[in-house]
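Order of listing sets the numbers, starting from 1, for every ligand and every atom in it.
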Amino acid sequence: MIIVLRKDATQEQIDHIVERVKKLGLTPMISKGVERTIIGLIGPEDVLRVTPLEVFPGVEKVMPVLAPYRLVSREFKPESSLIDLGRGLTIGGKKVMVMAGPCAVENKELLWEIAREVKSAGATVLRGGAFKPRTSPYSFQGLGEEGLKILKDVASNLGMVTITEVMDTRDVPLVVKYADILQIGARNMQNFNLLREVGSTKKPVVLKRGLSSTIKEWLMSAEYILSAGNFNVILCERGIRTFEDFTRNTLDISAVPIVKQLSHLPVIVDPSHATGKWGLVPACSRAAVAAGCDGLLIEVHSKPEEALSDGAQSLLPERFKELMQELRKISLAVGREI
Ligand code: PEP
Ligand code: MN
């Protein structure tokens, strides 16, 4: 914490502040400049939460040095986190993890067909929603537990890891029972009870960025999960709301290097929900790998025109296969592999 004093701060005011912070167990480091004086504080800053230094006479402003998302920050953990996804897969290292599959689990035959295709193209994680956050209550809401069973069954037969969304605190034990990775959707990024609940498990959690959330808010949400004891968090940029309406959302590609700078957690990109258009998914995937993401979450459907959700943004398996070839070249160019 740094206290910047007013130009006209008196010695008496400075002494008063120094005396108070010392009493709180902090060590003040005074730096007198030509223009003004600043006091740096060393020690556990938590005590300052109940002592608003801003109101002390002579104080102009108080600036935190450490990020408010402590556990998530690189200051707390300088080396990048490697997260074990199960079946020998790790995210956060050299390998870019590709998670692919339909938006929703619709039926077993279809999931089989899509899963076999994405697996043979090189995807290691199978996605598929069983609880779907739909804008309309009349749209397909997912198959619930039946969907979770199908997802688990298909993935284990193919030796894949699964990711699926959990929307409600009451469903966490059920989803934990079937899935390898829990997904917190964009709409629930600030559902703090849900964040605490998944934080009380040990499962890897993909935390999607909220529709209109800043990077700081997103990292604070991750902090909820880590502070509840679960350090296995993967951040997912999936586009944000802007004035641009050509695309479903606007992919904030700069979030990738920013998050890598600020946090030790892996970051993945979902180009499907970011764009809403399958034709834009390949270019955005390539850009994400070039920007340094640790993984991709891509919607693939073998009959997009019949998909119960998000057909318009789903890649056909053939196009997904081609994309994987393109991504291999890009990952090599940036010192990664797929
Ligand atoms: C999804 O991945 O199916 C989904 C609903 O994503 P988002 O929460 O990013 O909209
Ligand atoms: Mn979807």
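Taking the charged nitrogens against the carboxylate oxygens, Lys208 and Glu165 have no contact shorter than 4.0 Å, which rules out a salt bridge. A salt bridge links Glu322 with Arg319: the distance from a Lys NZ or Arg NE/NH1/NH2 to an Asp or Glu carboxylate oxygen falls below 4.0 Å. Between Glu299 and Arg127 a salt bridge is recorded (basic side-chain N to carboxylate O distance below 4.0 Å). Ionic pairing of Asp180 and Arg87 is not present here: no N-O contact between side-chain nitrogen and carboxylate oxygen is shorter than 4.0 angstrom.
Atoms of ligand 1 found under 4.0 Å from any heavy atom of Gly185 (numbered from 1 in listed order, with element): 8 (O). Every atom of ligand 1 is numbered from 1 in the order shown, and the set under 4.0 Å from a heavy atom of Arg187 is 7 (P), 8 (O), 10 (O). Each of the following atoms of ligand 1 lies closer than 4.0 Å to a heavy atom of Arg127: 1 (C), 2 (O), 3 (O). Within the listing of ligand 1, atoms 5 (C) sit less than 4.0 angstrom from a heavy atom of Glu165. Within ligand 1, the atoms closer than 4.0 Å to a non-hydrogen atom of Lys132 are 1 (C), 3 (O), numbered from 1 in the order shown.
Shortest non-hydrogen contact noted between Lys260 and Leu265 is NZ-O, 4.4 Å. Across every non-hydrogen atom of Ser263 and Arg74, the tightest pair is O-NE, 3.2 Å.
With hydrogens left out, the protein atom closest to atom 6 (O) of ligand 1 is Lys208 NZ, 3.0 Å, a heavy atom. Scanning the protein for heavy atoms near atom 4 (C) of ligand 1, the closest one is His273 NE2, 3.4 Å. Nearest protein heavy-atom contact of atom 9 (O) of ligand 1 is Arg238 NE, 2.6 Å. Summary of contacts: the protein heavy atom closest to atom 8 (O) of ligand 1 is Ala186 N, 2.8 Å.
Atom CZ of Arg134 sits in a crowded spot, with more than 12 heavy atoms from other residues, nucleotides or ligands closer than 6.0 Å.
With the Mn ion (ligand 2) as vertex, Glu299 OE2 and His273 NE2 subtend 90°, rounded to 10°.
In terms of N/O distances under 3.5 Å, ligand 1 is not approached by Asp270.
Note on ligand 1: Glu299 sits in its first shell, one or more heavy atoms being nearer than 4.0 Å. Not a single heavy atom of Gly129 lies less than 4.0 angstrom from ligand 1.
For Asp310, the N, O or S atom with the smallest separation from the Mn ion (ligand 2) is OD2.
Only side-chain heavy atoms of Pro133 come within less than 4.0 Å of ligand 1; its backbone N, CA, C and O stay farther off.
With contacts defined as side-chain heavy-atom distances shorter than 4.5 Å, the pair Leu235/Trp218 qualifies.
In summary, the side chains of Asn193 and Glu197 do not present any donor paired with an acceptor at a separation below 3.5 Å, with no hydrogens or angles considered.
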